[in-house]
*Asks:* 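Got a structure here, written out as structure tokens. Questions coming.
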Amino acid sequence: MNELKQIYNKLLKAYGLQGWWPLVGHDGCNPTKTGSVNGYHPGDYSFPKDVGQRFEICVGAILTQNTGWPQVEKALVNLDKVCGISPNELLDIEEDKLKQAIKPAGYFNQKARKLKQFAEFYLELDGRIPLRDELLGVWGIGPETADSILLYAFSVPSFVVDAYTKRVLLGLGLIGDDAGYDDIKDLFESHIDKDFKIYQEYHALLVEHAKRFYSKKPYGVTDFLAGLSK
DNA sequence: AACCAGGACGTGA
DNA sequence: TCACGTCATGGT
């Protein structure tokens with residue numbers, strides 16, 4: 001068994017199933033993740049259950065750029081109140097009202113524009129699953145957001161790499177400081193079975209682990225996984 | 001009171 | 001290609 005699989009097993013044993021992506025309108029959802037916001041559904045991979053939930057995940061992926069989830073949740077609740085979370089409703093709402101609603105998530109000028117443009121793109125899809133390159137062509141969607149949308153909204157096994165992921169792998173000595181986004185993505189995808197459930201859990205587990213051991217400098221000095229590699 | 005959060009884009013070299 | 005500045009609110 002390769003090292004990345006061992007790390008996955010160890011993280012899973014330590015933290016359990018994470019149940020990403022959290023949903024605000026959690027109908028049919030079982031928010032059992034203790035000590036966290038509602039909307040998680042550990043062990044249930046039948047999400048999103050409808051197009052509404054699918055679009056909400058996309059919106060959340062954009063709103064969470066460089067921002068903590070609790071703030072995104074406030075923005076989503078506001079959005080749901082002032083117009084609703086659907087492509088048409090986001091296109092119809094006046095931009096200033098949109099900015100006001102998503103303000104808690106920060107970068108409201110940019111993110112309001114991003115949401116408008118994504119809503120348009122989403123309608124053009126007409127129910128089809130987008131290609132990664134198509135997502136990257138939308139203004140405001142970079143590699144991490146594209147992969148998050150593919151993995152959590154469309155259940156496509158595209159591994160998500162974020163700042164935490166890089167810190168953990170760097171701390172374990174598995175990559176160099178010069179490793180880029182695609183290098184790290186390819187590393188996971190070449191060593192882990194292309195199963196969207198495993199990719200969803202693995203990314204969420206890395207975030208959970210990083211929040212505990214890699215949130216303040218010096219990063220990773222107390223990482224209990226560090227003994228895995230040398 | 002800095003520092004950071006589940007980044008992405010625009011610019012100049 | 002790449003390093004760097006910008007965007008913005010709210011936690012710790």
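Chain A is the first sequence line, chain B the second, and so forth, proteins listed ahead of strands; every chain is numbered from 1.
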*Asks:* Out of C:dA8, B:dC4, C:dG10, which has the shortest distance to the side chain of A:Lys217?
*Replies:*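 Of all the options, the side chain of A:Lys217 is nearest to B:dC4.
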
*Asks:* Using a strict cut-off of less than 4.0 Å between a Lys/Arg side-chain nitrogen and an Asp/Glu carboxylate oxygen, indicate whether A:Glu134 and A:Arg128 qualify as a salt bridge.
*Replies:*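 A:Arg128 and A:Glu134: salt-bridged.
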
*Asks:* I need the CD-P distance between A:Gln100 and C:dT9, as an integer number of Å.
*Replies:*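 Result: 10 Å.
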
*Asks:* Separation of A:Gln117 atom CD from B:dA8 atom P, in whole Å?
*Replies:*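 To the nearest whole Å, that distance equals 15 Å.
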
*Asks:* Based on the glycosidic angle (syn within 90° of 0, else anti), state the conformation of C:dG11.
*Replies:*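 It is syn.
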
*Asks:* Classify the ring geometry of A:Trp20 against A:Tyr40: parallel below 30°, tilted from 30° to 60°, perpendicular beyond 60°.
*Replies:*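 Because their plane-to-plane angle lies in the 30° to 60° range, the rings of A:Trp20 and A:Tyr40 count as tilted.
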
*Asks:* For the pair made of OH in A:Tyr107 and C1' in B:dA5, what is the distance, rounded to whole Å?
*Replies:*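 It is 8 Å, rounded to the nearest whole Å.
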
*Asks:* Would you call the rings of A:His203 and A:Tyr152 parallel, tilted or perpendicular, where under 30° means parallel and over 60° means perpendicular?
*Replies:*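 Ring orientation, 0 to 90° scale: tilted.
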
*Asks:* Over all strands shown, is A:Lys74 touching base, sugar-phosphate only, or nothing at heavy-atom distances under 4.0 angstrom?
*Replies:*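 Contact class for A:Lys74: sugar-phosphate only.
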
*Asks:* What is the ring orientation for A:Tyr202 with A:Tyr8, classed by angle as parallel under 30°, tilted 30 to 60°, or perpendicular over 60°?
*Replies:*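 The arrangement is tilted - the two ring planes meet at 30° to 60°.
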
*Asks:* A:Ile62 CD1 to B:dC9 P: how many Å, rounded?
*Replies:*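 It is 10 Å, rounded to the nearest whole Å.
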
*Asks:* Nearest to the side chain of A:Gln71, which nucleotide is it out of C:dT9, C:dA8, B:dG7?
*Replies:*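 Side chain of A:Gln71 sits closest to C:dT9.
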
*Asks:* C:dC7 and B:dA1: how far apart are their P atoms, nearest whole angstrom?
*Replies:*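 The answer is 23 Å between these two P atoms.
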
*Asks:* Between C:dG11, B:dG7, C:dA8, which one does the side chain of A:Gln65 approach most closely?
*Replies:*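 Within the option list, the nearest is B:dG7.
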
*Asks:* I want to check one thing: is the phosphate of C:dC7, taken as OP1 and OP2, less than 4.0 Å away from some side-chain N or O of A:Lys99?
*Replies:*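 Checking C:dC7 against A:Lys99, no side-chain N or O comes under 4.0 Å of OP1 or OP2.
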
*Asks:* So, is the end of the A:Arg167 side chain (NZ or CZ) under 6.0 Å from the ring centre of A:Tyr214 and within 45° of the ring's axis?
*Replies:*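 No - A:Arg167 does not lie over the ring of A:Tyr214 by the 6.0 Å and 45° rule.
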
*Asks:* Side-chain N or O of A:Asn109 less than 4.0 angstrom from OP1 or OP2 on C:dA8?
*Replies:*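 Result: yes.
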
*Asks:* Write down the distance separating the P atoms in B:dT11 and C:dA8, rounded off to the nearest Å.
*Replies:*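 Taking atom P in both B:dT11 and C:dA8, they lie 16 Å apart.
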
*Asks:* To the nearest Å, give me how far apart CG (A:Asp183) and P (C:dT1) are.
*Replies:*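 Answer to the nearest Å: 13 Å.
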
*Asks:* Closest to the A:Trp139 side chain: B:dC4, C:dG11, B:dG10?
*Replies:*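 The answer is B:dG10.
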
*Asks:* Taking all heavy atoms of A:Asp223 and all of A:His209, pick out the closest pair and write down the distance.
*Replies:*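 Looks like OD1-NE2, 2.9 Å.
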
*Asks:* With a 3.5 angstrom cut-off on both distances, give the Watson-Crick or G-U wobble partner of B:dC4, or none if there isn't one.
*Replies:*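 Pairing partner: C:dG10.
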
*Asks:* To the nearest Å, give me how far apart CG (A:Leu135) and C1' (B:dA8) are.
*Replies:*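 Going from CG in A:Leu135 over to C1' in B:dA8 covers 14 Å.
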
*Asks:* Check whether any side-chain N or O of A:Thr145 sits under 4.0 Å from OP1 or OP2 of B:dA8, and answer yes or no.
*Replies:*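 Yes.
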
*Asks:* From CZ of A:Arg113 over to C1' of B:dG10, roughly how many Å is that when rounded to an integer?
*Replies:*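 About 11 Å, once rounded to whole Å.
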
*Asks:* Given that both distances must come in under 3.5 Å, which nucleotide forms a Watson-Crick or G-U wobble pair with B:dG12?
*Replies:*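 Check on B:dG12: paired to C:dC2, both distances under 3.5 Å.
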
*Asks:* Say we look at C:dG10 and B:dC9: how far apart would their C1' atoms be, to the nearest angstrom?
*Replies:*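 One C1' to the other, the span is 23 Å.
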
*Asks:* Does A:Ala146 or A:Lys216 map to a spot on DNA chain B nearer the 5' end, using the closest nucleotide for each?
*Replies:*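 Here A:Lys216 is the residue nearer the 5' end.
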
*Asks:* From the list C:dG10, B:dG7, B:dC4, which nucleotide is the closest neighbour of the side chain of A:Glu144?
*Replies:*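 Taking heavy atoms from C-beta onward, the closest nucleotide is B:dG7.
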
*Asks:* How close or far is atom P of B:dC9 from atom NZ of A:Lys111, stated in whole angstroms?
*Replies:*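 Computing the A:Lys111:NZ to B:dC9:P distance gives 13 Å.
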
